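Reviewing the structure listed below.
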Amino acid sequence: MASIVSCFSKFCLTLFLLVLFHGSTNAKLSTNFYSKSCPNLLPIVKFIVHSAIMKEARMGASLLRLFFHDCFVNGCDGSVLLDDTSSFIGEKNAAPNRNSARGFNVVDDIKSAVEIVCPGVVSCADILALSARDSVTILGGPYWDVELGRRDARTASQAAADNNIPSPSSDLNQLISRFSAHGLSPRAWILSTDSIETSCWFIEWEHRGHTIGQARCTTFRAQIYNESNIDSSFARTRQRNCPRATGSGDNNLAPLDIHTPTYFDNSYFKNLVDRRGLFHSDQQLFTGGGPTNSIVRGYSNNPRSFRSDFAAAMIKMGDISPLTGTKGEIRKNCRRVN
């Protein structure tokens, strides 16, 4: 499950999400939005997500990451799910998603099941939000009530994905800037990983999700061969399965959390304190005298605080610029507009 953290560790930084976002909306989402129109929605989503994770534990982290990558590109509108069309190039082949974004088939399975009992009612954006929550909970993480009522975008943008999703090679200032643009603080950043208060929260939020998940060699090669702020024994261990030469073993996988890769916990932060962050952007959260050091150390020592902050951060992230009311649409197929 820690492998799912590739996305989760960034979400671990959700603590930092305690900061207000500037990108949130005044639109009203509600935890009981489908209570009458689709009362069986939640058990349907949970059953299919649970089945997917039982087949492959890594899928939980993939679904969490998919939700994060959706929300950070023009808001939580399901745009990441759209295939390319003659009128737009979507987000699936953007650099942060190419050969790494996963879970689309699981979302398809949920949508098909929901359409049978509640045709034309539930958005793909809401299915993605629920899938992320259920993934975290099934992998041992916290539960939170998901606010619903989002509608689906009618377009997507590869350029927007390339420009808005943080890179594994980002330094601290770049991370803070990227999260601040969405109104998230450094604490939120760390929890996601993803102000100083606002900027630091964002960073923590994005990385909290890295408590589960796996990463491809090509995304962390520079960290294990060129980084100075890294435990030497950890670097050697990762080098065994990730050759220095580009093009050799690029798709070989390594867990984001070396201790509990398939379980949602605070080990990711303990790893950072020990200088065992797999990504440069992860280890940037804990550097000599850095502004996010105290947040990382706090989470490493207090798992209860981490869980609570992560849940709060996920709720905040889910409120980034959703389409509501008559905006957007309710897709019949999550991969294409109606």
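Since the structure is predicted, the reported quantities are computational estimates derived from the model, not experimental observations. Hydrogens, waters and symmetry mates are skipped; everything else that's a heavy atom, side chains included, is used. We're numbering straight along the sequence, starting at 1.
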Any sub-3.5 Å donor-acceptor pair from Tyr225's side-chain atoms to Arg244's backbone N or O?
yes
Does Asn301 use its side chain to pair, donor to acceptor, with the backbone of Arg297 at less than 3.5 Å?
yes
Specify the closest pair of heavy atoms between Cys71 and Ile320, including all atoms of both residues, with the distance to one decimal.
O-CG2, 3.7 Å
Tell me the closest heavy-atom pair linking Ile53 and Ser135, and the distance in Å.
CD1-CA, 3.8 Å
Closest non-hydrogen atom pair, Leu148 against Phe33:
O-CB, 3.7 Å
As a quick check of understanding, evaluate side chain to side chain contact (heavy atoms under 4.5 Å, CB included) for Arg276 and Ser233, giving each step before the final call.
CA-CA 9 Å; Arg276 295 183 174 188; Ser233 63; 3.7 Å; yes
Residues forming a salt bridge (charged side-chain N to carboxylate O under 4.0 Å, His left out) with Arg98, sequence neighbours excluded:
none
Show your working on side chain to side chain contact (heavy atoms under 4.5 Å, CB included) between Arg238 and Leu278 and close with a plain yes or no.
CA-CA 9 Å; Arg238 286 289 155 260; Leu278 189 61; 3.7 Å; yes
Would you say the side chains of Arg65 and Ser100 form a donor-acceptor pair under 3.5 Å?
yes
Let me confirm one number: the NZ-CD1 distance from Lys46 to Ile110, rounded to the nearest 0.5 Å.
13.0 Å
Kindly determine whether Leu42 and Val45 satisfy side chain to side chain contact (heavy atoms under 4.5 Å, CB included), including the steps that lead there.
CA-CA 5 Å; Leu42 270 63; Val45 175; 6.0 Å; no
Membership question, hydrophobic clusters at under 4.5 Å side-chain separation (ILVMFWY): are Leu66 and Leu253 in the same one?
no
Quick check for you: to the nearest 0.5 Å, what is the distance between Thr218 atom OG1 and Asn252 atom CG?
11.0 Å
Is Gln283 reaching over with its side chain to a backbone N or O of Ile230, donor-acceptor style, under 3.5 angstrom?
no
Identify, with sequence neighbours excluded, every residue that meets salt bridge (charged side-chain N to carboxylate O under 4.0 Å, His left out) alongside Arg221.
Asp250
Which distance, rounded to the nearest 0.5 Å, do you find between the CG of Asp152 and the SG of Cys334?
6.5 Å
Do the side chains of Val273 and Val296 get nearer than 4.5 Å, heavy atoms only?
yes
Give me the other members of the hydrophobic cluster that Phe88 sits in, counting Ile, Leu, Val, Met, Phe, Trp and Tyr linked by side-chain heavy atoms under 4.5 Å, directly or via other members.
Leu82, Val337
Give the cluster check for Val114 versus Val49: same hydrophobic cluster or not, with ILVMFWY residues linked at side-chain heavy-atom distances below 4.5 Å.
yes
List in chain and number order the residues that pass side-chain hydrogen bond (donor to acceptor under 3.5 Å, both in side chains) with Arg216, two or more places apart in sequence or in another chain; answer none if no residue qualifies.
Asn251
Go through Thr155 and Thr85 one step at a time and tell me if the side chain to side chain contact (heavy atoms under 4.5 Å, CB included) criterion holds.
CA-CA 9 Å; Thr155 188; Thr85 71; over 6 Å; no
Under the salt bridge (charged side-chain N to carboxylate O under 4.0 Å, His left out) rule, collect the residues that match up with Asp84, sequence neighbours excluded.
none
Polar side-chain atom of Asp126 near backbone of Arg150 as donor-acceptor pair, under 3.5 Å:
yes
Starting at OG of Ser232, measure out to CD1 of Ile224 and round the result to the nearest 0.5 Å.
13.0 Å
Is there a donor-acceptor pair closer than 3.5 Å between any side-chain N or O of Asp231 and the backbone N or O of Phe234?
yes
Please report the shortest heavy-atom distance between Pro322 and Leu29, naming the atom on each side.
CG-CD1, 4.1 Å
Would you say the ring centroid of Phe306 lies under 6.0 angstrom from that of Tyr268?
no
What one should report as the nearest heavy-atom pair of Cys76 and Phe67 is SG-CE1, 4.3 Å
Between atom CG of Asn338 and atom CZ of Arg331, what is the distance when rounded to the nearest 0.5 Å?
8.5 Å
Whether the side chain of Glu329 engages the backbone of Arg151 through a donor-acceptor N/O pair (distance < 3.5 Å, no angle test) should be reported.
no
Mind checking whether Ile44 and Ile330 sit in one hydrophobic cluster, side chains of I, L, V, M, F, W, Y counted as touching below 4.5 Å?
no
Is there a path from Leu323 to Val73 through hydrophobic residues (I, L, V, M, F, W, Y) whose side chains come within less than 4.5 Å of each other?
no
Is the ring pair Phe310/Trp144 parallel, tilted or perpendicular, if the boundaries are 30 and 60 degrees?
perpendicular
Would the distance check show the side chain of Lys111 and the main-chain N or O of Val122 forming a donor-acceptor pair, the cut-off being under 3.5 Å?
yes
Give a yes-or-no answer on whether the side chains of Glu91 and His69 include a donor-acceptor pair shorter than 3.5 Å.
no
dist Ile89:CD1 -> Asp83:CG (nearest 0.5 Å) comes out at 13.0 Å
Has Phe47 got more than 12 heavy atoms of other residues, nucleotides or ligands less than 6.0 Å from its CZ?
no
Side-chain heavy atoms nearer than 4.5 Å, only ILVMFWY residues, links allowed to pass through others: does that put Leu128 and Tyr143 together?
no
List the atom of Met314, the atom of Ala132, and the distance in Å for their closest heavy-atom pair.
CE-CB, 4.4 Å
Polar side-chain atom of Ser131 near backbone of Ile127 as donor-acceptor pair, under 3.5 Å
yes
Under 3.5 Å: donor-acceptor pair, side chain of Glu147, backbone of Gly318
no
Okay, side chain of Asn163, backbone of Ala159: is any donor-acceptor separation there less than 3.5 Å?
yes
What pairs with Arg275 under salt bridge (charged side-chain N to carboxylate O under 4.0 Å, His left out), at least two apart in sequence or on another chain?
none
